[in-house]
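Below: one structure, written as structure tokens.
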Amino acid sequence: MSDEEFEDESSANEQEKEGEEGEEEKDPTEQEEEESLSPHLLTEEIMKGGLSLLCKTGNGLAHAYVKLEAKEKDLTDISLLQNYIHLRYVDLSENRLRDLSPLGSLTHLLWLKVDGNRLISTCLPELPYLQIASFAHNRIRDTEGITHPRLGSLNLKGNEIQVISALDPGKLTNLHTVELRGNKLETTTGLHLPKLKNLYLAQNFITHLEGLEELVQLTTLHLRDNRLVTLDGFSKSMKCLQYLNLRGNGILNLQEMAKLQVLPMLRALVLMDNPCSDESEYRMEALVLLPHLERLDKDFFEEDERAEAEETRQRRRDEEQEMEESAQGEVTE
């Protein structure tokens with residue numbers, strides 16, 4: 001028996017005893033974490049090995065290191081950072097951090113990466129110059145507490161976020177890219193960000209689209225591997241959207257693509273691995289319904305395809321006109 005198996009078995013036995021005595025049982029994973037999370041402080045020695053990029057400080061008369069990389073150090077406490085107020089670039093990925101409050105002293109911070117820790121929240125004191133922040137692969141449950149006025153790129157990939165909330169457009173006036181792949185979202189509501197240009201929502205549980213009408217500057221939208229069965233929810237106010245990835249959803253009907261006609265700048269559409277993409281007329285129907293489309297899935301449209309699509313559109317217009325005239329004639333009679 002391996003050490004790991006032995007520890008698991010011991011933990012299970014202890015839980016059984018606790019249950020018999022009427023005590024509250026703990027989740028085995030939580031218990032292991034509590035036992036393993038012994039304090040591991042950020043030290044001067046670790047700082048010395050991770051500091052780089054010597055730059056002038058604010059008054060221009062002194063110099064300080066402004067970059068810190070302290071990855072994979074098993075850190076649980078970064079209180080020491082409060083003394084390094086000139087830091088501008090900080091990478092604390094792959095540690096065991098649960099508290100980022102000491103970062104509030106780093107008022108010159110421009111770039112922050114804390115991927116792969118044990119964070120359950122993004123809450124931080126407002127950092128006036130922070131432009132790029134990455135909290136990927138933590139255990140974050142919401143989008144509360146993000147108020148950094150110069151933030152341009154926010155990465156929350158691989159967390160446990162179910163609802164998007166508290167992203168204040170009045171505060172986040174520079175936010176252009178949000179990465180939310182691999183969370184637990186079921187809807188797109190809560191994105192009141194008119195300056196947003198790139199939105200990544202792949203690998204969630206999204207069943208319907210709502211609240212997109214405020215994304216008036218959005219150019220790229222990724223919705224791959226969700227649970228959409230219709231294409232309701234797009235708005236004519238989304239006049240800048242050029243790239244839309246819907247791969248791996250449940251779109252059944254080719255006519256759903258007609259709902260994308262409200263997107264005047266749409267040039268690239270990815271619909272492969274949806275049931276509708278198996279239809280024989282899939283590619284041609286896309287071009288008939290969306291004449292401005294330049295690329296479907298991985299392939300650009302050829303001129304002969306465009307000519308055929310135009311003929312089909314014209315034929316359908318003629319048929320519709322004939323039906324209208326016929327219906328009018330019957331009413332007159």
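These numbers were taken from a predicted model, which means no experiment stands behind them.
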Are a donor atom and an acceptor atom from the side chains of E213 and S237 found within less than 3.5 Å of each other?
no
Is it true that S165 and E144 share a donor-acceptor pair across their side chains at a distance under 3.5 Å?
yes
Apply the test side-chain contact (heavy atoms from CB on, under 4.5 Å) to residues M265 and C240: give CA-CA distance (whole Å), side-chain angles for both, the deciding distance (0.1 Å), then the verdict.
CA-CA 6 Å; M265 292 298 293; C240 297; 5.7 Å; no
Does the distance from a Lys or Arg side-chain N to an Asp or Glu carboxylate O, for E302 and R283, drop under 4.0 Å?
no
Lys/Arg N to Asp/Glu carboxylate O, E320 vs R313, below 4.0 Å:
no
Is there a donor-acceptor pair closer than 3.5 Å between any side-chain N or O of [X] and the backbone N or O of [Y]?
X    : Y    : value
N183 : E160 : yes
N174 : P149 : yes
N274 : C276 : no
N226 : L201 : yes
D77  : H40  : no
D91  : K71  : no
N138 : I140 : no
D273 : G248 : no
R150 : P128 : yes
Q82  : S79  : yes

Whether over 12 other heavy atoms sit under 6.0 Å from [X] [atom1]:
X    : atom1 : answer
K239 : NZ    : no
Q217 : CD    : yes
Y282 : OH    : yes
E281 : CD    : no
R141 : CZ    : no

I'd like to know if [Y] and [X] are part of one continuous hydrophobic network [Ile/Leu/Val/Met/Phe/Trp/Tyr, side-chain heavy atoms within less than 4.5 Å].
X    : Y    : result
Y200 : L154 : no
L127 : V66  : no
V229 : L271 : no
L110 : L87  : no
L212 : L266 : yes

So do [Y] and [X] actually touch side chain to side chain, heavy atoms under 4.5 Å?
X    : Y    : result
I161 : L185 : yes
L51  : K48  : no
L100 : F135 : yes
R88  : W111 : no
E308 : E305 : no
L289 : Q261 : yes
M238 : L218 : yes
S134 : D115 : yes

To check you understand the geometry: which heavy-atom pair defines the closest contact between [X] and [Y], and what is its length?
X    : Y    : result
I251 : E256 : CG2-CB, 3.9 Å
T76  : L97  : C-CD2, 3.7 Å
L92  : N117 : O-ND2, 3.0 Å
R306 : F301 : NH2-CB, 4.0 Å
N249 : P275 : O-CD, 3.8 Å
D232 : L209 : O-CB, 3.6 Å

Separation between [atom1] of [X] and [atom2] of [Y], rounded to the nearest 0.5 Å:
X    : Y    : atom1 : atom2 : value
L246 : L260 : CG    : CG    : 7.0 Å
T207 : L228 : OG1   : CG    : 7.5 Å
T177 : L151 : OG1   : CG    : 10.0 Å
S93  : L75  : OG    : CG    : 11.0 Å
L106 : L112 : CG    : CG    : 9.0 Å
N159 : L180 : CG    : CG    : 8.5 Å

Parallel, tilted or perpendicular: which fits the ring planes of H108 and H86, with parallel below 30° and perpendicular above 60°?
parallel
So that I know where these two stand, are Y243 and H222 an aromatic pair - ring centroids less than 6.0 Å apart?
yes
Would R139 and R118 count as a side-chain contact (heavy atoms from CB on, under 4.5 Å) here? Give the steps.
CA-CA 6 Å; R139 301 167 189 181; R118 299 183 180 183; 4.1 Å; yes
Verify side-chain contact (heavy atoms from CB on, under 4.5 Å) between I146 and L167, making sure each step is shown before the conclusion.
CA-CA 7 Å; I146 301 169; L167 294 179; 4.1 Å; yes
Derivation and outcome, side-chain contact (heavy atoms from CB on, under 4.5 Å), residues M47 and L68:
CA-CA 7 Å; M47 291 293 298; L68 172 67; 3.8 Å; yes
